[in-house]
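What's counted below: heavy atoms across the whole structure, side chains too, no hydrogens, waters or symmetry copies.
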Amino acid sequence: MTPSLLPRSGVAQGVVSGISAAMGYGLGVLAAAVWRALADRGPRPPRRWSWRVFAVAVVVIGTVFFVLGRRWQGTLRELMGMPAEPLGRALLAPVVALVVFAVILAVCRLVRGAARVITRLLSRWIGPSAARALGGLAVAVLAIVLVSGVAVDGLLAAADRAFALEDQETPDGVERPTSRLRSGGPGSLIGWDGLGREGRTFVAGGPSAAEIGAFTGTEAPEPIRIYGGVATTDDVGARAQAAVEDLEQAGGFDRARLMVATTTGRGWLDAGSLSAFEYIAAGDSAVVAMQYSYVPSGLSYLIDQDRARAAGRELFDAVYERWAALPPDDRPELYVFGESLGSFGAEAAFSGEFDLRNRVTGALFVGPPNFNALHTEFRDGRDAGSREIEPVYRDGRTVRFSNEISGGAPPAGEPWTGTRVLILQHPSDPVTWWSPSLLFGRPDWLAEDPGRDVLPEMTWIPLVTFWQVTLDMPFSTDVPEGHGHRYTRESVDAWALLLRPADWTPEKAERLRALLR
């Protein structure tokens, strides 16, 4: 019932409690079995008074921690500006916990029953000890094969087919562009039908030249948006080349600023962040992106990491090859952008800090997953004394972190010349902090002082904290801006910091935030 990164509903709390109860029960059964084996005795029925003590403890401890848990959740909701949860919904927690516990226990007993059946069959030909060992091993191998192979692969393949059909749809209000500066438009080398659902949304959206001109007070060109959908071609390298050719014919390499954006999951890009880039660039910009999957980010974490990495690397390398062939004075400023799983793909094109510094003008990585290679390198290699939730890497000379960009990117006062790489990560973002290592080890971010939107009462408990943060992830965007996995509001200050417009003011930043809202 202790708090985790995000507020939990009664149902989510019930799932966490049910899983935790099942793990505790399993560990208790294991400990009892080991003790009986060491003492060389069989199980004994519990005494009547032990059941009474247990019942009283359940009522007292359960009530106390339900009340404490409700108080912690209320405090966390206040911290994030969310309304309190009704008591009726909170009371679902113990009901859901019992159901989850019973289901897990039933599955485990079915597995144990299967092992016993196999043991009885084998005991006809071999000794009882060998039969028990082989019976348990056979069931374990079968379970692993089903979970990691046939069953999961079948489910993921079915999901891929289902989302591929959805990818053919066009959202309401999205219309084919009439500009040659957009993929799918007149003269584009990439057809409208090959863009996919998210690609069509991307090329049809964004601010117009008139809207940008009204914001800047000067005449502005129309931004260029190029997108390569999965349906364009199956080969990721050929898809990247098609996107670059479409970018070149649209005049993308003639713009002042060029961004290579890596998508998440089914091809999604944060509309607010891209629009902020185009507004601050005064429309003299081009954005090129490429889809690598049909499925949402949640499933992409499981099945598309290799595709995300390949897409990010292939697209950037294809763009960089054309960009590097231009005369140095005629090259646009080159930027890289990736959010969530998109940051994982965007990072794949670079080997480290110096590679970023040598090849791009700036990079923005938003809400990076914990397993990102460069993010991990920069986070783990942070300067002594800086916290994991907002590290300082090599005095911030190239790479800087921020968990609240309105306050800047530490270290304050230190020069930030040349390439600027900015990483946004909220203290309450489960996507950034989830890791299998939470099962058995306390991370630095839980050993340090808590972040601005994390309760001091959040603590690390073996096994339990892993499931708490795991259950936070599906709800990571169901919180107000500036918390969890929601970063759109911060894109204005982030891009202003990277693009460094000469006439930028706090008043302009607030006007742009209002426009994006």
Side-chain angles (χ1 to χ4, degrees), residues 1-39 41-73 76 90-116 136 139-140 143-144 147 430 433-443 446-447 455 457-475:
M1 302 293 286
T2 56
S4 55
L5 295 173
L6 301 177
R8 289 197 294 270
S9 66
V11 173
Q13 178 61 66
V15 173
V16 170
S17 297
I19 292 172
S20 301
M23 289 190 298
Y25 180 80
L27 290 171
V29 170
L30 176 63
V34 171
W35 172 250
R36 287 197 301 268
L38 292 174
R41 73 180 189 203
R44 294 184 298 184
R47 296 178 178 88
R48 183 177 299 178
W49 63 265
S50 63
W51 278 112
R52 292 173 181 172
V53 171
F54 177 72
V56 172
V58 166
V59 172
V60 174
I61 296 175
T63 302
V64 167
F65 277 92
F66 178 84
V67 173
L68 286 174
R70 182 156 172 78
R71 190 188 73 181
W72 289 325
Q73 293 300 318
L76 190 54
L91 288 172
L92 289 172
V95 178
V96 173
L98 285 171
V99 172
V100 171
F101 173 78
V103 169
I104 294 175
L105 186 61
V107 170
C108 292
R109 287 184 170 175
L110 282 173
V111 172
R112 185 179 65 180
R116 286 176 173 174
V139 170
I144 292 172
V147 171
W433 305 116
W434 180 90
S435 169
S437 63
L438 281 172
L439 281 166
F440 303 110
R442 184 175 68 168
L446 276 176
L455 293 185
E457 290 84 357
M458 182 179 180
T459 186
W460 179 76
I461 304 171
L463 303 178
V464 175
T465 303
F466 171 82
W467 288 109
Q468 288 179 326
V469 178
T470 299
L471 266 292
D472 282 338
M473 291 181 68
F475 310 105

Checklist line | side-chain contact (heavy atoms from CB on, under 4.5 Å) partners for R44, two or more places apart | finding: R41
Next item on the list: May I ask you to check whether over 12 heavy atoms, not counting those of R442, lie within 6.0 Å of atom CZ?
Entry: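 No, CZ of R442 has 12 or fewer neighbouring heavy atoms, counting only those of other groups under 6.0 Å.
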Note to self: Filter on side-chain hydrogen bond (donor to acceptor under 3.5 Å, both in side chains), then keep only pairs touching residues 94-109, sequence neighbours left out; what's left?
What the structure shows: Y25-R109
Notebook entry, point to check: Can you list every side-chain hydrogen bond (donor to acceptor under 3.5 Å, both in side chains) pair that touches residues 56-71, not counting sequence neighbours?
Noted result: none
Check: Do any N or O atoms from the side chain of W460 and from the backbone of P443 form a donor-acceptor pair under 3.5 angstrom?
Finding: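 Not confirmed, W460 side chain does not pair with P443 backbone.
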Item checked: Worked check of side chain to side chain contact (heavy atoms under 4.5 Å, CB included) between V64 and M1 -> CA-CA 10 Å; V64 167; M1 302 293 286; over 6 Å; no
Checklist line | Under the ring pair (Phe, Tyr, Trp, His ring centres under 6.0 Å) test, residues paired with F65 that sit two or more places apart | finding: none
Side-chain donor-acceptor pairs under 3.5 Å in residues 2-23, sequence neighbours left out?
{"unit_1": "T2", "atom_1": "OG1", "unit_2": "Q468", "atom_2": "NE2", "d": "3.2"}
{"unit_1": "S4", "atom_1": "OG", "unit_2": "R8", "atom_2": "NH1", "d": "2.6"}
{"unit_1": "S4", "atom_1": "OG", "unit_2": "D472", "atom_2": "OD1", "d": "3.2"}
{"unit_1": "S4", "atom_1": "OG", "unit_2": "D472", "atom_2": "OD2", "d": "2.9"}
{"unit_1": "R8", "atom_1": "NE", "unit_2": "Q13", "atom_2": "OE1", "d": "3.0"}
{"unit_1": "R8", "atom_1": "NH2", "unit_2": "T2", "atom_2": "O", "d": "2.8"}
{"unit_1": "R8", "atom_1": "NH2", "unit_2": "Q13", "atom_2": "OE1", "d": "2.7"}
{"unit_1": "S9", "atom_1": "OG", "unit_2": "A12", "atom_2": "N", "d": "3.2"}
{"unit_1": "Q13", "atom_1": "NE2", "unit_2": "S17", "atom_2": "OG", "d": "2.9"}
{"unit_1": "S17", "atom_1": "OG", "unit_2": "Q13", "atom_2": "O", "d": "3.0"}
{"unit_1": "S20", "atom_1": "OG", "unit_2": "V16", "atom_2": "O", "d": "2.8"}

Can you measure from [atom1] ([X]) to [atom2] ([Y]) and round to the nearest 0.5 angstrom?
{"X": "T465", "Y": "W434", "atom1": "OG1", "atom2": "CH2", "result": "14.0 Å"}
{"X": "L110", "Y": "L105", "atom1": "CG", "atom2": "CG", "result": "10.0 Å"}
{"X": "W72", "Y": "L76", "atom1": "CH2", "atom2": "CG", "result": "12.0 Å"}

Ignoring hydrogens and angles, write down the donor-acceptor pairs under 3.5 Å from the side chains of residues 49-61, residues two or more places apart or on other chains.
{"unit_1": "S50", "atom_1": "OG", "unit_2": "R47", "atom_2": "N", "d": "3.4"}
{"unit_1": "S50", "atom_1": "OG", "unit_2": "R47", "atom_2": "O", "d": "2.5"}

Item checked: Closest contact, heavy atoms only, G42 versus R36 -> C-CD, 3.5 Å
Check: Can you name the closest pair of heavy atoms from F66 and P94 and give their distance?
Finding: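 Distance-wise, the nearest heavy atoms are CE1-CD, 4.5 Å.
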